[in-house]
**Q** 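Shown below is the structure under consideration.
Here is the naming used below: chain letters follow the sequence lines, and residue numbers restart at 1 for every chain.
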Amino acid sequence: MTEPLPPQYDPTSLEHRLYQQWEEAGLFTPHAPEPGESRPFVIMMPPPNVTAMLHMGHGLNNTLQDTLIRFERMRGRNTLWLPGTDHAGIATQNVVEKLLAREGLTRFDIGREAFEARVWEHVRKTGPVILEQLKAIGSSADWSRTYFTLDPDLSAAVREAFVRLHQKGLIYRGKYIINWCPRCATALSNEEAEKTETDGHLWHLQYPLADGSGHLTVATTRPETILGDSGVAVHPKDERYQHLIGHQVVLPIVGRLIPIVADDAIDPEFGSGAVKVTPAHDPVDFEIGRRHDLPAIEVMQPDGRMAADLPAPYANADRFAARKLIVTEFDRLGLLEKVEAHQHAVGHCYRCDTVVEPRLSEQWFVRMAPLARPALAAYRSGELRFIPERRGEEYAQWMENIRDWCISRQLWWGHRIPVWYCDEPTCGAMRVSRTDLSFCPACGGPVRQDEDVLDTWFSSWLVPMSSLGWPADTADLASYFPGDTLVTAPEILFFWVARMVMAALEFKGQLPFDTVYLHGTVRDTDKRKMSKSLGNGIDPLDVVRKYGADALRYTIVAGMSVGTDLILDPEDLEQSFAPGRNFANKLWNAGRFLLGNLTGPTRPLAGKHRNTIKPAELLLADRWIIARCEATVVEATLAYERYRLNDAAALVYHFIWSDLADWYIEQIKPRLYGDQPGGDVARAVACRTFEIALQLLHPVMPFITETLWKQLPGRAADATLVTSHWPQSDRRAMDQAALRDFGLVQELISAIRTIRAEYKVPPGQSVRVKASNAHPAYEAERATIERLSKSKLSFGADPSGPGGSAVLTDGSTLFVSLDDVIDLGQERARLGQEAERLRDLVAAQIRKLGNQQFVARAPADVVAKEREKQQSWSDQLRALEQKLSVLGAG
RNA sequence: GGGCGAAUAGCUCAGCCGGUUCAGAGCGCCUGCCUUACACGCAGGAUGUCGGGGGUUCGAAUCCCUCUUCGCCCACCA
């Protein structure tokens with residue numbers, strides 16, 4: 001039964017238990033779709049790395065997804081939020097290699113099989129951790145469907161995709177310049193080589209002409225590669241060098257004779273206009289070399305050291321040490337013409353930040369242009385939309401300039417490339433296969449599988465299908481593909497989002513989702529991205545422990561609008577998360593108060609079709625809070641639908657804190673205490689509007705709302721807010737008159753309070769108040785007015801005598817008698833200031849309305865509105881001036 | 001080198017399909033209150049030439065141009 005609620009909200013004692021109840025009840029698992037039912041709502045969770053520990057990026061990403069999925073679930077959609085973990089090839093391998101290093105071992109010491117076993121052992125331990133952490137922040141994913149990208153089913157999907165693309169000629173193997181990380185010792189895709197502006201140098205080096213007639217100066221940022229030069233290129237139209245085309249230069253240090261060729265790729269304006277050509281170590285040079293039949297001479301080893309067969313001191317030297325040595329040698333030879341400071345973009349490994357080396361290497365590639373075409377078309381046609389919209393252009397730009405995808409990685413952790421080579425010298429067949437081969441299908445000879453594994457993203461891009469069983473024809477695939485919304489960080493727009501679109505279109509002929517919501521990044525107060533290496537991170541679980549998951553979630557949602565970054569202060573958790581913590585506490589106490597006062601006579605809750613309270617029984621305040629509630633339902637629902645989650649949070653926050661707690665609860669206290677009749681009506685209205693507030697807030701703050709909701713009267717033991725029905729809008733509840741009239745009451749109370757504060761009337765002392773306008777609303781809420789402003793209200797003209805005055809928006813006046821405390825000078829100054837403000841406003845209106853241009857050109861309704869304003873302000877001003885004249889006389 | 005976004009109270013941000021009670025919210029700050037839900041609170045209050053300059057318009061935080069400063073995406077000028 002209902003246990004008494006603790007006075008202080010203590011999230012830690014209830015969140016975990018509540019989550020278990022939800023999970024055990026299977027609330028996060030969709031039911032099998034029924035015929036005629038509307039389509040399920042599906043979100044694919046971006047699978048965290050299997051070794052990941054929860055950070056704020058996950059917190060943000062999953063809070064947003066959970067909010068959306070809970071919203072749709074409450075609206076009655078059959079929802080699936082599908083979680084999983086990613087094997088994360090390089091990242092995971094690096095982690096385990098580091099562990100090995102602590103034992104003084106490398107992966108080569110223990111061998112491939114043992115290493116793989118070691119990684120599996122590790123990820124079996126770490127994999128479940130991140131998922132449990134996601135539960136701790138309330139994620140309502142369907143854990144019964146959790147996948148891992150190396151699961152057999154998903155591995156089958158990878159092979160299927162590989163085989164199909166290969167059959168279509170979209171996968172090929174070839175020797176090209178790829179991005180190579182010397183530290184990870186693997187090829188990378190273009191996306192994985194992050195370009196960063198770096199301060200470097202442009203060295204102008206002189207290459208002597210072979211005929212001894214002088215020299216040709218080339219400019220380079222990477223002098224160490226000259227050892228692999230096999231030519232020098234100039235622009236064919238460059239007059240400076242035209243006579244040299246076809247001649248040769250002597251490559252310094254090496255002594256090799258290399259030709260001078262003409263190529264359009266050269267920009268005569270840059271550097272010296274002559275470029276050293278190193279086909280084995282630069283993508284542009286590679287192309288030039290091909291066009292002019294220049295040999296590709298490799299001078300670097302995979303680990304970033306120079307080749308062993310080079311002359312001393314270059315042999316085996318580190319690439320950056322070699323750079324210095326080469327420059328020094330040129331200088332010594334008198335061939336170093338000049339050095340310029342030069343800023344250029346240098347690629348860095350996205351996993352270890354090592355400077356990437358362009359390297360000639362045999363790799364597997366996916367031909368992307370044919371896949372990009374429909375993916376781009378889907379965006380152009382509007383079928384695929386981005387939030388915020390501008391992100392769509394980034395997507396389009398990438399698609400338009402798509403380059404082939406290098407998918408092979410020289411790693412041991414991942415999906416082995418499904419290609420087998422026949423070792424029989426006379427056969428040498430190569431087979432791509434869905435199943436493992438143990439002998440050559442062509443000649444029956446021995447085969448060996450390709451040593452390399454696939455890029456992690458080659459499995460990730462299939463996840464919207466493979467996690468549901470593809471390529472098998474499963475019920476899940478039929479029910480939950482395609483999905484609806486993808487929520488993720490903009491950093492993986494190309495890595496993942498764009499490729500998922502391409503894969504789904506290619507293999508299923510459908511988009512995997514129709515909306516891509518790209519949220520911002522979590523940063524510190526210096527706008528630096530939170531990261532482990534910077535040490536500026538916030539541990540979401542730390543926040544959960546201190547303030548609760550709801551406080552974390554509210555702060556995230558309320559603090560971030562569409563497409564902007566979330567800035568938090570890692571130095572001051574308390575201040576960063578105060579909004580969420582304070583709000584949770586406020587809500588808790590409002591709930592505690594209401595629940596503790598439901599013991600009096602009650603009748604069934606006021607609500608659509610269940611309302612046993614007759615309209616005539618409702619007081620103005622009741623009608624007002626019902627109308628405010630209705631407005632909040634309409635606006636908050638719209639905000640959720642439009643992904644404006646911060647707006648939704650703010651709307652509900654305001655409704656609960658300002659409308660319900662500050663005004664309505666204060667208003668009904670006498671009724672609840674039995675000091676006034678109508679306790680049952682107040683209880684019914686309070687209960688109903690409070691319940692709706694809990695529902696509207698549940699997607700953002702699931703734990704506290706559920707806890708309070710379960711305590712409401714008349715709840716079945718197994719009733720849960722998670723699957724309660726989203727509040728319906730009811731236009732009849734939109735009582736404009738109540739909104740307006742109670743607004744007048746609020747204004748009157750505030751005005752009296754202000755005057756009391758201005759004159760420092762002791763809190764306990766009652767004051768006499770006279771309002772010039774005997775509005776029915778004042779009479780109706782007289783008790784409320786008098787209680788909340790500690791006053792005695794009467795109507796009529798302002799009395800003489802000392803007091804404070806105010807003019808209300810309807811032009812009526814208010815007089816607060818302050819027999820002893822009044823300071824006439826202060827009051828005159830106060831009113832004078834107010835009159836001044838009004839005079840300015842009125843003057844502006846007179847100017848505006850006297851302007852023929854305005855009256856003629858502005859729309860009629862705008863002009864009418866301006867006239868009304870002028871009228872109102874004039875009335876107020878007149879009343880004020882009258883007061884001032886009285887004061888002046890007194 | 002192209003493209004995009006942001007610059008609004010001390011801080012973090014709303015507002016920005018043009019119209020002065022739209023200059024806002026939360027946090028912080030000031031004043032007074034332990035008023036029997038909440039001091040993680042209540043009541044009241046102060047604070048901004050809406051980045052600089054120019055323009056369009058009857059009217060601009062809101063549209064256009066430009067400058068400055070941050071941030072992001074793309075890029076084979078070695």
**Q** Relative to the 5' end of RNA chain B, which residue comes earlier, A/Glu269 or A/Thr196, by the nucleotide with the nearest heavy atom?
**A** A/Thr196
**Q** Salt-bridged, A/Asp263 to A/Arg291, with N to O below 4.0 Å?
**A** yes
**Q** Name the nucleic acid region contacted by A/Phe583, choosing base, sugar-phosphate or nothing; use a 4.0 angstrom heavy-atom cut-off, strictly under.
**A** nothing
**Q** Within the structure shown, what part of the strands sits under 4.0 Å from A/His344 by heavy-atom distance: base, sugar-phosphate, or nothing?
**A** sugar-phosphate
**Q** Which part of the nucleic acid, if any, lies within reach of A/Arg581 when heavy atoms closer than 4.0 Å are counted: base, sugar-phosphate only, or nothing?
**A** base
**Q** A/Asp229 has an atom CG; how far is it from atom P of B/A78, in whole Å?
**A** 16 Å
**Q** Tell me which nucleotide among B/U12, B/G45, B/A78 gets nearest to the side chain of A/Asp267.
**A** B/A78
**Q** State the pairing partner of B/U56; accept Watson-Crick or G-U wobble contacts with both distances under 3.5 Å, and report none otherwise.
**A** none
**Q** Counting only side-chain N and O atoms of A/Lys869, is one of them less than 4.0 Å from OP1 or OP2 of B/U21?
**A** yes
**Q** To the nearest angstrom, how far is A/Arg642 atom CZ from B/C17 atom C1'?
**A** 12 Å
**Q** Starting from the 5' end of RNA chain B, give me the residue, A/Thr525 or A/Asn190, whose nearest nucleotide shows up first.
**A** A/Thr525
**Q** Does A/Glu574 pair with A/Arg581 as a salt bridge, N-O distance under 4.0 Å?
**A** yes
**Q** Which base, if any, makes a Watson-Crick or G-U wobble pair with B/G44, both distances under 3.5 Å?
**A** B/C30
**Q** Does a side-chain N-to-carboxylate-O contact under 4.0 Å join A/Glu393 and A/Arg390?
**A** no
**Q** Counting Watson-Crick and G-U wobble pairs only, both distances under 3.5 Å, name the nucleotide matched with B/C17, or none.
**A** none
**Q** Within the structure shown, what part of the strands sits under 4.0 Å from A/Ala661 by heavy-atom distance: base, sugar-phosphate, or nothing?
**A** base
**Q** Which one is paired to B/G1, where only Watson-Crick or G-U wobble pairs with both distances under 3.5 angstrom count?
**A** B/C74
**Q** Measure up the A/Phe583 and A/Tyr653 rings against each other and bin them: parallel (under 30°), tilted (30 to 60°), perpendicular (over 60°).
**A** tilted
**Q** So, does A/Lys669 get its side chain near the phosphate of B/A37, meaning an N or O under 4.0 Å from OP1 or OP2?
**A** yes
**Q** What interatomic distance, in whole Å, is found between C1' of B/G48 and the corresponding atom of B/C11?
**A** 14 Å
**Q** Mind calculating the distance between CG (A/Asp572) and P (B/C11) to the nearest angstrom?
**A** 15 Å
**Q** Touch check for A/Pro283, heavy atoms < 4.0 angstrom, all strands: base, sugar-phosphate only, or nothing?
**A** nothing
**Q** Name the nucleic acid region contacted by A/His342, choosing base, sugar-phosphate or nothing; use a 4.0 angstrom heavy-atom cut-off, strictly under.
**A** sugar-phosphate
**Q** Say we look at B/A61 and B/C16: how far apart would their C1' atoms be, to the nearest angstrom?
**A** 7 Å
**Q** With a 4.0 Å cut-off on heavy atoms, is A/Asp662 in touch with a base, just the backbone sugar-phosphate, or nothing at all?
**A** sugar-phosphate
**Q** Classify the side chain of A/Glu834 and the base of B/U21 as holding, or not holding, a donor-acceptor pair under 3.5 Å.
**A** no
**Q** Considering only side-chain heavy atoms of A/Glu866, which listed nucleotide, B/C27, B/G19, B/A37, is closest?
**A** B/G19
**Q** Going through the checks in order, is the ring pair (Phe, Tyr, Trp, His ring centres under 6.0 Å) test met by A/Phe386 and A/Tyr379?
**A** CA-CA 9 Å; A/Phe386 289 83; A/Tyr379 166 69; 5.7 Å; yes
**Q** I'd like to know if A/Lys527 reaches the base of B/C70 with its side chain such that a donor and an acceptor end up less than 3.5 angstrom apart.
**A** no
**Q** Name the closest nucleotide to the A/Ala757 side chain, picking from B/U12, B/G44, B/C42.
**A** B/G44
**Q** Among A/Arg756, A/Lys790, A/Arg753, exactly one meets side-chain contact (heavy atoms from CB on, under 4.5 Å) together with A/Val761. Which residue is that?
**A** A/Arg756
**Q** Taking CG from A/Leu518 and P from B/G5, how many angstroms apart are they, rounded to a whole number?
**A** 15 Å
**Q** Send over the distance from A/Glu491 CD to B/G71 C1', rounded to a whole Å.
**A** 13 Å
**Q** Counting side-chain heavy atoms from C-beta on, which of B/C72, B/C38, B/G19 comes nearest to A/Lys586?
**A** B/C38
**Q** Would you mind reading off the distance between A/Glu340 atom CD and B/A78 atom P, rounded to a whole angstrom?
**A** 12 Å
**Q** I'd like the C1' distance from B/C50 over to B/A43, given in whole Å.
**A** 30 Å
**Q** With respect to A/Arg222, which candidate in A/His281, A/His201, A/Glu357 satisfies the side-chain hydrogen bond (donor to acceptor under 3.5 Å, both in side chains) definition?
**A** A/Glu357
**Q** Any side-chain heavy atom of A/Ser576 within less than 4.5 Å of one from A/Thr555?
**A** no
**Q** May I ask you to test the A/Leu808-A/Leu744 pair for a side-chain heavy-atom distance under 4.5 Å?
**A** no
**Q** Which one is paired to B/U68, where only Watson-Crick or G-U wobble pairs with both distances under 3.5 angstrom count?
**A** B/A7
**Q** Please pick, from B/G19, B/G71, B/A14, the nucleotide with the shortest atom-to-atom distance to any side-chain atom of A/Lys848.
**A** B/G19
**Q** In this structure, how many angstroms lie between the C1' atom of B/U21 and the CD atom of A/Glu747, rounded?
**A** 10 Å
**Q** Can you see if the side chain of A/Ser750 gets near the phosphate of B/A43 - specifically, an N or O under 4.0 Å from OP1 or OP2?
**A** no
**Q** Does a nitrogen or oxygen in the side chain of A/Ser561 sit under 4.0 Å from OP1 or OP2 of B/A14?
**A** yes
**Q** Could you tell me how far apart A/Glu868 (CD) and B/U20 (C1') are, to the nearest whole angstrom?
**A** 16 Å
**Q** Base, sugar-phosphate alone, or nothing: which one does A/Arg644 contact when heavy atoms must sit under 4.0 Å apart?
**A** sugar-phosphate
**Q** Check every strand shown and say whether A/Lys195 touches a base, only sugar-phosphate, or nothing at a heavy-atom separation below 4.0 Å.
**A** sugar-phosphate
**Q** Counting any heavy atom closer than 4.0 Å, what does A/Arg837 reach on the DNA or RNA strands: base, sugar-phosphate only, or nothing?
**A** base
**Q** Taking atom types as they are modelled, would you say the side chain of A/Glu666 forms a donor-acceptor pair with the base of B/A43 within the 3.5 Å cutoff?
**A** no
**Q** Check every atom of B/C74, B/C33, B/C38 against the side chain of A/Gln397 and return the nucleotide holding the closest atom.
**A** B/C74
**Q** Using the P atom in both, what is the distance from B/G44 to B/U49, to the nearest Å?
**A** 26 Å
**Q** For a quick check of understanding: with a heavy-atom distance under 4.0 Å over all strands, which category does A/Glu393 fall into, base, sugar-phosphate or nothing?
**A** nothing
**Q** Looking at B/G41, I'd like to know if its phosphate oxygens (OP1 or OP2) sit under 4.0 Å from a side-chain N or O belonging to A/Asn582.
**A** yes
**Q** Can you check whether A/Tyr673 has a side-chain N or O nearer than 4.0 Å to OP1 or OP2 of B/A37?
**A** yes
**Q** Expressed in whole Å, how much space separates the P atoms belonging to B/G15 and B/A25?
**A** 15 Å
**Q** Determine, step by step, whether A/Glu866 and A/Lys869 satisfy the salt bridge (Lys or Arg N to Asp or Glu O under 4.0 Å) criterion, reporting the C-alpha distance in whole Å, the side-chain angles of both residues, the deciding distance to 0.1 Å, and the verdict.
**A** CA-CA 5 Å; A/Glu866 295 302 318; A/Lys869 281 185 199 163; 3.1 Å; yes
**Q** Tell me what A/Trp203 touches on the nucleic acid: a base, only sugar-phosphate, or nothing, going by heavy atoms under 4.0 Å.
**A** nothing
**Q** Pick base, sugar-phosphate or nothing for A/Trp398, based on heavy-atom distances below 4.0 Å to the nucleic acid.
**A** nothing
**Q** Look at A/Thr221 and B/C77 and indicate whether a side-chain polar atom (N or O) is within less than 4.0 Å of OP1 or OP2.
**A** no
**Q** What contact category does A/Arg403 fall into here, base, sugar-phosphate, or nothing, at under 4.0 angstrom with non-hydrogen atoms?
**A** sugar-phosphate
